[in-house]
A.B. asks: 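This is the structure I have questions about; it appears just below.
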Amino acid sequence: MIRNTRGSLIRPDALPETASSPVVTPLSPSVVYASDTPDMLDDQYEGHVQGYTYSREGHPNADVVAQHIDRMEGAPHLGIVTASGMAAVSAVLMGLLKAGDHVIGGNRLYGRSLRMMTEDLPRLGIETTLVDAGDAQAVQAAIRPETKLILIEVVSNPTLRVADVSCIAQLSQKAGILLAVDNTFTTPKAFQPYAYGADIVIHSITKLLAGHSDVLLGYASARDATLNDRLRTFAVTAGLTPSAFDCWLAERGMLSFDLRFERAQSNAAALADHLAGLPGVTRVIYPGRADHPDIERSTDLLGENACNMVSFEIAGGRDAANAFTRAAHGISFAPTLGDVGTTLSHPASSSHRALSPEDRAAIEITEGYFRVSVGIEDIDALKSAFTTAAAAAAQSA
Ligand SMILES: *Cc1c(COP(=O)(O)O)cnc(C)c1O
């Protein structure tokens with residue numbers, strides 16, 4: 001319990017007495033922390049004693065969330081929790097790189113990460129190359145003497161292709177290049193980047209880890225202590241710090257993460273098979289299905305954990321897509337993922353709307369292409385909602 005004994009001329013000098021302790025992590029919204037003496041403050045800043053000073057620099061609720069994810073990821077140092085997943089990506093790219101460096105990124109990264117690669121880093125004098133993370137040879141070919149970092153995601157969005165993480169980890173290690181893995185889609189339950197030789201792990205906690213679409217939060221940590229410190233220093237300087245309440249909500253969400261993930265994943269596997277049998281559905285992409293193009297790599301990296309994302313395509317173009325979302329009762333048509341409830345997204349009108357139809361077609365995203373983030377609902381209700389939607393789409397086509 002954090003007691004408020006300073007500033008007692010204006011605030012109570014003690015909280016109500018209790019011999020017991022709270023079961024739930026206390027919410028600590030205090031921005032400032034009072035210390036005893038200048039000597040003690042010295043000791044805090046020098047790291048001789050642990051103590052919070054100003055919440056942008058760190059606070060208990062953020063550290064509780066960091067510890068939770070550190071444990072799941074096997075992170076060797078206290079990770080950094082940030083105000084969003086993109087803040088974590090920014091901390092890694094802007095906190096560790098400098099003008100003249102070169103970065104390689106997967107060409108199917110999360111949209112804003114891609115934008116940072118193509119717009120912001122070049123503006124700051126950092127050159128970038130995007131390559132297919134499923135093709136380790138292409139990654140190898142993109143390496144230059146000044147390449148400092150490779151950023152990949154394990155499962156691509158929304159195409160659900162699986163990156164060649166083992167080979168990329170080997171070649172980055174050999175070349176002395178940092179490998180950063182955004183583990184948002186896969187979660188530490190399905191994949192642990194550090195065990196595969198990654199140097200940096202990134203999460204959008206917003207998605208599956210927090211799981212309820214009520215907080216934006218991110219996480220980053222590095223294997224190397226110095227790099228981890230640099231990440232923290234940049235995050236603090238840039239003010240990427242999360243609010244205590246968001247951390248508190250995220251912690252609450254993470255307590256049920258394992259159960260939600262298991263349920264969502266088994267629902268996804270069942271829904272993928274169900275979709276494959278529906279009229280008008282021309283293609284189903286699920287990394288756990290035998291017909292997935294990367295099934296061997298998926299099994300190798302993820303084992304039984306093919307995660308909760310399913311993509312599929314229906315015949316009939318935009319009209320059929322409109323009919324599908326209209327008839328998918330109880331399923332939110334919303335461009336997010338990892339919520340307790342199933343959400344449906346349509347890349348051609350959202351995440352990939354800036355691409356020309358030709359460029360979209362090149363990555364197999366058509367007007368009939370949907371991505372589903374499968375939630376924890378009753379599977380029969382889910383199947384039924386998709387059956388109805390597919391029938392409506394087929395009728396309109
Ligand atoms: C959502 C997402 C992000 C960004 O996270 P926010 O919390 O929305 O800022 C980054 N990477 C991946 C893979 C994501 O899905």
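Predicted, not measured: the structure shown is a model, and the values here were computed from it. Indexing begins at 1, ligand by ligand and atom by atom, following the structure's order.
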A.B. asks: Please check if the distance between the ring centroids of Phe185 and Phe191 is under 6.0 Å.
C.D. replies: no
A.B. asks: Just need the protein heavy atom nearest to atom 5 (O) of ligand 1, so name the residue and atom and give the distance.
C.D. replies: Ser204 OG, 3.0 Å
A.B. asks: For ligand 1 and Val89, I'd like to know whether there is a polar contact (N/O to N/O, distance under 3.5 Å).
C.D. replies: no
A.B. asks: Which pair of non-hydrogen atoms, one from Thr366 and one from Ala348, has the smallest distance, and what is that distance?
C.D. replies: O-CB, 4.0 Å
A.B. asks: Looking only at protein heavy atoms, which one is nearest to atom 8 (O) of ligand 1, and how far off is it?
C.D. replies: Leu216 CD2, 3.8 Å
A.B. asks: Mind checking whether Phe386 and Phe324 have parallel, tilted or perpendicular rings, split at 30° and 60°?
C.D. replies: tilted
A.B. asks: So which heavy atom on Leu114 is nearest to which on Gly106, and how close?
C.D. replies: CD2-O, 3.7 Å
A.B. asks: Residue-level breakdown please: for Glu153 versus ligand 1, do any non-hydrogen atoms fall below 4.0 Å on the side chain, on the backbone, on both, or on neither?
C.D. replies: side chain
A.B. asks: With side chains defined as the heavy atoms from C-beta onward, is the minimum distance between Glu73 and Pro193 less than 4.5 Å?
C.D. replies: yes
A.B. asks: Backbone N or O of Thr184 within a donor-acceptor pair of the Tyr110 side chain at under 3.5 Å?
C.D. replies: no
A.B. asks: Among protein heavy atoms, which sits nearest to atom 4 (C) of ligand 1, and what does the distance come to when rounded to 0.1 Å?
C.D. replies: Tyr110 CE2, 3.5 Å
A.B. asks: Could you tell me whether a side-chain N or O of Asn267 sits under 3.5 Å from a main-chain N or O of Gly375, the two making a donor and an acceptor?
C.D. replies: yes
A.B. asks: Using a 3.5 Å cut-off on N or O atoms only, is Lys207 in polar contact with ligand 1?
C.D. replies: yes
A.B. asks: Identify the protein heavy atom lying closest to atom 7 (O) of ligand 1, giving its residue, its atom name and the separation to 0.1 Å.
C.D. replies: Thr206 OG1, 2.6 Å
A.B. asks: Please report which non-hydrogen protein atom sits nearest to atom 12 (C) of ligand 1, along with the residue it belongs to and the distance in Å to one decimal place.
C.D. replies: Asp182 OD2, 3.4 Å
A.B. asks: Give me the residue, atom name and distance of the protein heavy atom closest to atom 9 (O) of ligand 1.
C.D. replies: Met86 N, 2.9 Å
A.B. asks: Give yes or no for whether the N/O distance cutoff of 3.5 Å, strictly under, is met between Gly85 and ligand 1.
C.D. replies: yes
A.B. asks: Heavy-atom contacts with Phe185 under 4.0 Å: which atoms of ligand 1 show up? List them by number with element.
C.D. replies: 15 (O)
A.B. asks: Mind checking whether Phe370 and Phe333 have parallel, tilted or perpendicular rings, split at 30° and 60°?
C.D. replies: perpendicular
